[in-house]
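Each remark here refers to the structure printed beneath this line.
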Amino acid sequence: MNERILKLSSWMQEENIAVSFLTSTENIFYLSNFYSDPHERLLGLAVFQEKEPFLICPAMEKESVKEAGWEFDILAYSDIENPWELVEKAVKTRIKAFDKIAVEKEHLNVVRYEEILHRFSGTKIVSAEEKLRQLRMFKDADEIARLRKACALADYAIEAGCAEIREGKTELEILAAIEYELKKKGVQKMSFDTMVLTGANSASPHGVPGQTKVQKGDFILFDLGVVIDGYCSDITRTVAYGDIDDRKKEIYDIVLKSQLTAIEASRAGVSCADVDLTARNIIAGAGFGEYFTHRLGHGLGISVHEYPSITETNPLILEKGMFFTIEPGIYIPGTAGVRIEDDVLITDNGAEVLTKYPKELKIIS
Ligand code: MN
Ligand code: MN
């Protein structure tokens with residue numbers, strides 16, 4: 001049995017959970033190495049305390065499940081079969097009593113919830129999400145290798161974006177050039193919709209790229225990430241096109257200082273809150289506190305937002321193997337914004353920064 005499934009099983013024993021029935025693409029991938037978005041069809045993974053797990057998937061996916069290395073039962077169903085009948089039978093041949101069934105409450109839809117209640121009457125539905133978030137928070141060597149690749153390609157994407165900046169280019173033209181370059185390198189998927197924001201648009205932390213053209217004196221903010229072997233990177237760089245005014249330079253310097261100091265402070269034994277506050281206090285101390293409107297960072301891995309959450313109220317203590325972003329920003333509405341974001345890994349020797357694109361203010365002319 002793989003180590004990840006064993007960890008889930010031992011938690012189920014402690015909690016007296018008879019079966020965990022998981023249906024999210026991400027958690028199934030984490031436990032089985034099979035990655036698939038099944039759309040409306042059922043994809044499920046059942047884990048037991050002692051019995052062998054099984055995976056249920058559309059028939060056309062069966063070979064891919066084997067190719068992913070899944071060694072246990074595969075229940076493959078055609079489009080004219082009812083997959084829930086197969087699930088019920090497979091569960092009931094393995095166990096007789098199911099007081100508690102763990103599901104992903106934030107993911108499972110109501111139709112499926114009712115299906116489970118109906119077929120396993122008398123069971124109590126509990127949540128498996130928190131446990132899986134805890135497990136996924138610690139990255140093993142295989143995951144770290146994938147994350148390193150994803151980060152290196154994020155660096156390359158920033159380089160490609162900077163090379164494309166010229167007077168009059170639109171945000172969307174620059175975005176398309178970045179993704180074209182990445183596809184030539186074999187990147188199939190971005191971690192989220194790529195952001196290229198220029199001028200006043202850079203002041204919107206979740207802005208949407210459009211037809212705005214690059215002009216001299218503007219900041220251009222890139223926020224992007226790539227998915228490699230199922231794992232996400234997430235980087236932000238803000239660069240200047242032509243000479244920028246002193247106020248913009250000041251904002252840049254404060255964000256950079258905040259970011260570097262927070263990376264320095266990130267190590268095993270320090271709380272998430274302390275890391276956030278280290279960065280936040282520098283920005284607030286410079287008089288821009290009200291313009292830093294989000295948490296300092298977030299864990300990432302199979303999903304682009306995972307644990308740990310780096311907020312000023314999270315008492316969680318950092319430990320070796322945690323992987324998260326550090327991304328302070330200052331956003332002056334209607335004027336300009338700066339964010340600098342790296343992905344860091346907690347090691348025995350503090351935080352290792354896996355995204356490596358340079359951070360000193362870059363002025364493109
Ligand atoms: Mn980002
Ligand atoms: Mn981020």
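Order of appearance sets the numbers: ligands from 1, and atoms from 1 within every ligand.
- Seen from the ring of F120, K92 counts as a face-on cation partner, given the 6.0 Å and 45° thresholds.
- Under the 4.0 Å criterion applied to side-chain N and carboxylate O atoms, E181 and K184 are assigned as salt-bridge partners.
- The shortest distance between side-chain heavy atoms of L300 and F323 falls below 4.5 Å.
- Between D343 and R148 there is no salt bridge, since none of the side-chain N atoms of the basic residue sits less than 4.0 Å from a carboxylate O of the acidic one.
- Take the Mn ion (ligand 2) and draw a sphere of radius 2.8 Å; the protein N/O/S atoms inside it number 4.
- Between H206 and F192, the ring centre distance reaches or exceeds 6.0 Å.
- E115 and R112 are not joined by a salt bridge, as no carboxylate oxygen comes within less than 4.0 angstrom of a charged side-chain nitrogen.
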